[in-house]
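Proteins come first, then strands; the chains are lettered A, B, ... in the order of their sequence lines, and each starts at number 1.
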Amino acid sequence: MARVLGTSIKRREDPALITGRGKYTDDLKAERMAHAAIVRSPYAHARIRDIDTSAAEALPGVLAVLTARDVAAAGIPGVVPVGWLLPDLKTPAHPMIAADTVRHVGDAVAVVVAEDRYLARDAADRVAVDYEPLDAVADVVAALEDGAPAVHEEAPGNVAFDWEIGEREPVDAAFASAAHTVELDLRNNRLIPHAIEPRAVLASFDSSTGEMTIHMTSQNPHVHRLLMTLASLGMPEHKVRIVAPEVGGGFGSKIHHYADEAIVGLCSMKLDRPVKWTATRTETNLTDAHGRDHSTHCALALDADGRITGLRVDTAAAMGAYLSTFAPAVPTYLYGTLLSGQYDIPAIHCHVTGVFTHTAPVDAYRGAGRPEATYVVERLLHLAGEATGLGPVEVRRRNFVSPDAFPYQTQVALAYDSGNYGPAMDRALEMVGYDDLRSQQAARRDNGGKQIGIGFSSYIEACGLAPSAVVGSLGAQAGQWESADVRVHPTASVTVYTGSSSHGQGHETTFSQIVADRLGIDPEAVEVIHGDTDLVQFGMGTYGSRSAAVGGSAIVKSVEKIIEKGKKIAAHLLEASAEDLEYEDGSFRVAGSPDRALALGDVALQAYLAHNYPDDLEPGLSATSFYDPANFTYPFGTHVCVVEVDTETGSIDLLRYAAVDDVGNVINPMIVDGQLHGGLAQGIGQALWENAVYDDSGQLVSGSLMDYAVPKIHNLIPFELDRTTTPCPHNPLGVKGVGEAGAIASPAAVVNAVVDALAPFGISHIDMPLTPEKVWRAVNS
Amino acid sequence: MYPAQFDYRRAGSVDEALSLLQENEDAKLMAGGHSLIPMMKLRLAQPPVVIDIGRLNELKGISEAGGSVRVGSLTTHADIAASDVLAAHCPVLAEAAGHIGDAQVRNRGTIGGNIAHADPGSDIPPVLVLLGASVHLQSPSGTRSVAAGDFFQDLLMTDVGEDEILTHVEAPALGAGTGAAYLKFEHPASGYAVVGAAAAVTVQGGRCTGAGLVVGGVSATPTAVDVSSLVGTDLSDDAIAAAASGLDAEDPIGDIFASGDYRVHVGKVYGKRALAAARDRAS
């Protein structure tokens, strides 16, 4: 049997998806289905004096109009909880429906349910809310200033938390004795995730059974069920089934538990009818948790040889109006812990202030903390290359963690399991023809006109969110294992039930490859089931590039149990000792006696017949496993971006983008490349175009796709990809994860390239996105 | 988003469309729907009646006669971009149409709908003004034509009367020795022009005998630049740069992507580049 692991078999998901047969939440219809429209605050901050729902209720076909009063009357918890706690974290309540105060544009104040969605929207326009507008603050820095409008009384100064990692004194000492120091004030721009499919929910409550089925756009249905039942609707967990049908992208935005989905659940309970709601693009932009939004001061100290001696980082991180599900973890444990990058840095200190603002909440978005950390480290390395005269390549090389230093304990808690950073850099330089590029750059500088720049990003990330006990000690209110139930049927075909819920990644293809490889069977003989809390055992879902490393490993664990049990059955049938049996290419064989063998199907059939069967063994051939990883995984790589800058207009053209990534062993190279392409598009989008802009009154001025620039195919160039392979030493597949690598590495590579191009103009930094006007103004200042 | 309720009527002829317009107050004509429908979805437009003229074949097509080209108002951007007639007689109009939106937008959007909507970032208006095109309108009381330069009145405002339908545009074919170019600085989100520069020059015997430059995106309506200083010159880069720097806008448009000052600056740069491209095509 040819190996299937490491081959680019085509995605089995695609025929349905590309022929329009995929069933997304909004495609689903139910008997007596009604439609919800949510009434949202047009103000960033206001007191609600009164809500008059009578005109909406008077419209024929309107079934109900609910406000916070109805949430209270329902006797349910009615809140949206935060799922990651930090010491002294301020956790003001986030009501499902705002009762007396709204805190961002888009905050829900009422919901209308009607017989069709047009009517629901018409009625929503007739809900009269009497607001008393209050001063608002949308900017993360302005929110910390004295006298800034308070988002929550419980959080003086708008501070949600103060957090630090590393030790301050050794860093101060390093700066005191440094031969070179570089420092930077930077903003990491706020982003809107923009999954193609907006959030949607179809909640179907049945009063005769007291059960509710919720179809919704979810990256983690079990987590959503837990939060929905425990904190919002107050239903018994076993009475709620959450199903994620096809999900059209998430990038983190569909991890979180939102008010809207709970509101629709309440509507269904009140009306005893199925109720559907699908966010409009405007609602998506106003209410999906945004990403990034940091203001950072950072500095690097180096000795006379260009070795880094200290790193100091101080960041204000926007939380938005409420703490979203995992929000406190993102700018802390997913950010501060990554600040050592690929470098041996003896002293690091990072201080982070979490800040409430009158904006949409901020939470995990592709990369979640790690793009921000990489941007800080790699921008500083670029500046260090200039300050030391070593240039961007040599200053990185000189500071890479040595390949013989692994496992490498950083100064910011993480211990890197494996790595070999030099070869990825070497290969990237070779791919772009680095020396030749520098010659071209020099010629352009002599001749004037459009300038060429070359930017590097040597990134590290931490994927496969990691031992449950560790994340628990850091404040997670959830475990971080994954589950798999692998069932071998009597005819030796296999169904896998995975707790890792796909939303476009291709789990059905890659997980079938894992099982097929381990069992020596055809991938087509493996079915993968996910995304349904009634079908699948509790699972943690898909985020943090964890599905292959954690979810895949859980599957391997189950397959290993099945092989062990199969050996006992085969040993019984072959009258051999189980210890003498080996499993290879789909058969159980007695070692040294190749003719004494039984195919998997023979053993599986006997497992279910149990006619001729070991006394001490239960029938059946299936196994459930919960895999709790020993550590994060640490993918890394070096990306090189080459740009051309039109200094007359400030516009930027991408000329080359080469990425060498080390994601450990690869299950399906095509899918890995696809993940990199998508991540790169989003990271380059952050660097050049994307920006969620609130004005001073808290209005989202980039709230539509007419103003918020998501990269389109003609904005990008063909990416040049290659890999090195350093397997993860602590999971059975040796895989690390790739879903976020492109988005983590690329912003720094692009900005470093543009700054490199503009070095003759004395420009050392421009904040993202690098819009033409900003670049032009920098050139002309 | 979901539009407010509206009635839908489909016209079978221009005359029927005109009478439907008269019968229904505040009705809106819809051609390709690519300007009207997005406005309705955001409830920025709430017409009680939409009159669909999208199937009126009499308003479609491109032809050339007597030294001018005629483009029916329902001709799609894709057809304009790919037109052999325009390639031979007025390639700059095809060039501009090819910059509009993406393939799907160009397949549905029409020139009539485009200029009747009069978005300041639209690619077609500056080209029509540059060419000295005329816009032809029909009402129950007859037909009339208006110069493109007078047609665009303000932001999203044109000379189309409430009882009128835009039937076609006519533009003089480019003569021998004339080169023209349209250069677009695209908005990364909307795809509209932040700045769109349309330029034409005529060269005879190595000397410029005529030149024009119109810049879109800078102001509410296309901004004509006086480049008559080029006439009589050999169209050197310096002469072109000096002429294009005459772009002036009293109240330039600005947004979060590009301020008014910056648009004027880019208008000058793109004006210069468009003139240079026109010069290179003229010879």
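Atom NZ of A:Lys774 has more than 12 heavy atoms from other residues, nucleotides or ligands within 6.0 Å. Sparse packing is recorded around CZ of B:Arg108, with 12 or fewer heavy atoms of other residues, nucleotides or ligands lying under 6.0 Å away. Atom CG of A:Asp696 sits in a sparse spot, with 12 or fewer heavy atoms from other residues, nucleotides or ligands closer than 6.0 Å. The 12-atom threshold is not exceeded at CZ of B:Arg9, counting heavy atoms of other residues, nucleotides or ligands nearer than 6.0 Å. Atom CD1 of A:Ile713 has 12 or fewer neighbouring heavy atoms from other residues, nucleotides or ligands inside a 6.0 Å radius.
Between A:Lys712 and B:Glu186 there is no salt bridge, since no side-chain nitrogen of the basic residue lies less than 4.0 Å from a carboxylate oxygen of the acidic one. Look at B:Arg43 and A:Asp125 and you find a salt bridge, because one of the NZ, NE, NH1 or NH2 atoms lies within 4.0 Å of a carboxylate O, short of that distance.
A side-chain donor from one of B:Ser259 and A:Arg777 sits under 3.5 Å from a side-chain acceptor of the other.
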Go through the steps for A:Asp122 and B:Tyr2 under the test side-chain contact (heavy atoms from CB on, under 4.5 Å), then give the verdict. CA-CA 9 Å; A:Asp122 289 344; B:Tyr2 305 101; over 6 Å; no
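If you take CG on A:Leu119 and CD on B:Gln5, they are separated by 7.5 Å, rounding to the nearest 0.5 Å.
If you measure heavy-atom distances from A:Val693 to chain B, the contacts under 4.5 Å come from the side chain alone. With a 4.5 Å cut-off on non-hydrogen atoms, A:Pro772 touches chain B through its backbone and its side chain both. Of the atoms belonging to A:Ser704, not a single heavy atom falls under 4.5 Å from chain B. Heavy atoms of B:Lys272 lying under 4.5 Å from chain A belong exclusively to its side chain. For chain B, the nearby part of A:Asp646 is the side chain; its heavy atoms alone come within less than 4.5 Å.
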Identify each donor-acceptor pair in which a side-chain atom of residues 246-256 of chain B lies under 3.5 Å from a protein atom, sequence neighbours left out, and give them as a table.
residue, atom, partner, partner atom, Å
B:Asp255, OD1, B:Phe257, N, 2.9
B:Asp255, OD1, B:Ala258, N, 2.8
B:Asp255, OD1, B:Arg263, NH2, 3.2
B:Asp255, OD2, B:Arg263, NH2, 3.1

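Among residues at least two apart or in separate chains, ring-ring contact (aromatic ring centres under 6.0 Å, His included) pairs with a member in residues 263-283 of chain B are A:Trp776-B:His265, B:Phe185-B:Tyr270.
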